[in-house]
Amino acid sequence: MFRFANPDFLYLLLALPVLIAFFVYTTVVRKKAIRKYGSLELVLQLMPEASPKRQRLKFWLLLTAITVVVFVIAGPQFGSKLETVKRQGVEIMVCLDVSNSMMAEDIKPNRLEKAKQMLARMTDNFSNDKVGLIIFAGDAFTQLPITADYISAKMFLTSINPSMVSSQGTAIGAAINLAMRSFTPNESSAKTILLITDGENHEGDAVKAAISAAEKNVKVNVVGIGLPQGAPIPVDGSASNFLKDNTGNVVITQLNETMCQEIAAAGKGIYVRADNTNSALRTLQSEINKMDKTELDSKVYSEYDEQFQLLAWIALILLTLEFLVLERKNRLFRKVKLFS
């Protein structure tokens, strides 16, 4: 694996075209100045020791040396050792409901945004754990395979919206089953499923899926997001236009707390309701911290070899040559036509 330790220094390469332009400009100006005294060919005959080719050679040697020096200070490195690092942590598969009802604003700013904020804060508290993300509505899809890359996890969170799943509904059972297939094959690692949903219009046998997970020592913790009294569902983010049923009445989506509690009980996990405070986050974090930490393998490039030495020698040789090449012909070697 190749990288630069200080890649910002590569911006110095942008100065090279400027140096070339300046050299061309000074060459043109010099020729114009010589022409003031007569024909260029005649004046050059009067200066037998002058050597424009040597001047050009010195410039290109210097320019190449500068280019190499820029790469040297940027710090080229090669990953020399792929090491398996043992980490003590747990595996967490998050199942996030992205159905239209999650846009209700009984939880500020809305149910889905509140869930994303909570997950982002939770991710900030992870250190050696692995996390994956599944989104579901009428069907379930893997948004992020299980990983220890928390930066990617937070990046994926920001882009989640209901339009990512075309079929509407709340396929909790399908999400739990997909989560079970998404863990690593390591049977000894501690695993848990975090289900975040309002539980409304659920499809499939969610309780049966939770029981199946618990039988394989995977707890299903449930976060019910929303309020029992419910709220209307905004259409296209409008504050005055809400989703209506076939009879023209505004649809009120309510938290199905009973269903959420049944799923948590079947999955031998806990149930918490997310409101406009951070109490649910603290409870979930405490529950995860209680889990037995097991060894999780994570492969990383742990060592990098510096590769600047050869480039440094090349730069030194180029600078030495540039110094040794004179702008004028050496009188002792005037008959040698090396640059003719």
Side-chain angles (χ1 to χ4, degrees), residues 1-34 50-85 87 116-117 119-121 123-133 143-161 164 298-328 338-339:
M1 184 177 180
F2 179 80
R3 73 174 187 182
F4 286 104
N6 306 294
D8 290 343
F9 283 110
L10 295 177
Y11 286 111
L12 294 174
L13 295 175
L14 296 176
L16 298 182
V18 178
L19 294 176
I20 295 173
F22 180 74
F23 176 75
V24 173
Y25 171 76
T26 55
T27 301
V28 172
V29 171
R30 187 184 300 114
K31 288 182 179 180
K32 286 184 177 180
I34 292 176
S51 178
K53 292 183 179 180
R54 288 171 179 263
Q55 294 174 356
R56 289 195 293 271
L57 176 63
K58 285 176 65 67
F59 170 77
W60 288 111
L61 286 173
L62 180 60
L63 187 72
T64 306
I66 292 173
T67 303
V68 176
V69 168
V70 170
F71 284 108
V72 169
I73 62 178
Q77 297 177 332
F78 275 103
S80 61
K81 185 177 180 182
L82 184 62
E83 184 179 32
T84 300
V85 179
R87 297 180 175 181
K116 290 161 63 174
Q117 293 171 6
L119 289 173
R121 294 193 194 99
T123 304
D124 289 335
N125 294 326
F126 292 155
S127 56
N128 296 322
D129 305 307
K130 288 187 174 182
V131 62
L133 178 61
Q143 178 73 0
L144 177 70
I146 196 159
T147 179
D149 185 355
Y150 306 137
I151 296 177
S152 295
K154 294 184 70 173
M155 180 183 68
F156 277 105
L157 271 177
T158 59
S159 62
I160 291 176
N161 60 78
M164 300 179 74
S298 181
K299 292 184 178 180
V300 294
Y301 282 94
S302 60
E303 294 182 8
Y304 284 86
D305 280 344
E306 300 289 345
Q307 300 294 326
F308 68 89
Q309 295 89 344
L310 177 61
L311 293 178
W313 276 107
I314 293 174
L316 179 61
I317 292 171
L318 291 171
L319 290 173
T320 302
L321 290 174
E322 192 276 338
F323 176 76
L324 294 176
V325 175
L326 303 177
E327 291 188 1
R328 297 176 178 274
L338 184 61
F339 295 98

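Hydrogens, waters and symmetry mates play no part in the numbers below; they use all other heavy atoms, side chains included.
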Say whether, by atom type as modelled, one donor and one acceptor occur between the side chain of [X] and the main chain of [Y] under 3.5 angstrom.
X	Y	value
Asn161	Ser159	yes
Lys154	Thr123	no
Asp149	Ser152	yes

If you compare all heavy atoms of [X] against all heavy atoms of [Y], which two are closest, and at what distance to 0.1 Å?
X	Y	answer
Pro76	Phe71	CD-O, 3.1 Å
Ala153	Leu144	CA-CD2, 3.4 Å
Ala312	Val72	N-CG2, 3.7 Å
Phe156	Gln143	CD2-NE2, 3.5 Å
Val68	Ala315	CG1-CB, 3.9 Å

_Evaluation steps, side-chain contact (heavy atoms from CB on, under 4.5 Å), between Leu19 and Leu62_ = CA-CA 10 Å; Leu19 294 176; Leu62 180 60; over 6 Å; no
*Distance in Å, Ile66 CD1 paired with Leu318 CG, rounded so as to fall on 0.5 Å steps*: 11.0 Å
*Output the distance between atom CD1 (Ile160) and atom CG (Leu157), rounded to the nearest 0.5 Å.*
5.0 Å
_Which label fits Tyr150 and Phe126: parallel for a plane angle under 30°, tilted from 30 to 60°, or perpendicular past 60°?_
tilted
*Are Trp60 and Ile20 close enough that some pair of their side-chain heavy atoms sits under 4.5 Å apart?*
yes
*Tell me, do Leu119 and Val131 make a side-chain contact under 4.5 Å, heavy atoms counted?*
no
_My understanding is that only residues two or more places apart in sequence, or in another chain, count here; which of them pass side-chain hydrogen bond (donor to acceptor under 3.5 Å, both in side chains) with Thr27?_
none
Could you list the donor-acceptor pairs under 3.5 angstrom formed by side chains in residues 319-326, with sequence neighbours left out?
residue: Thr320; atom: OG1; partner: Leu316; partner atom: O; Å: 2.8
residue: Glu322; atom: OE2; partner: Lys58; partner atom: NZ; Å: 3.1

_For Asp8, salt bridge (charged side-chain N to carboxylate O under 4.0 Å, His left out) partners two or more places apart_ = none
*Val70 vs Leu16, side-chain contact (heavy atoms from CB on, under 4.5 Å): CA-CA, chis, key distance, verdict*: CA-CA 11 Å; Val70 170; Leu16 298 182; 6.0 Å; no
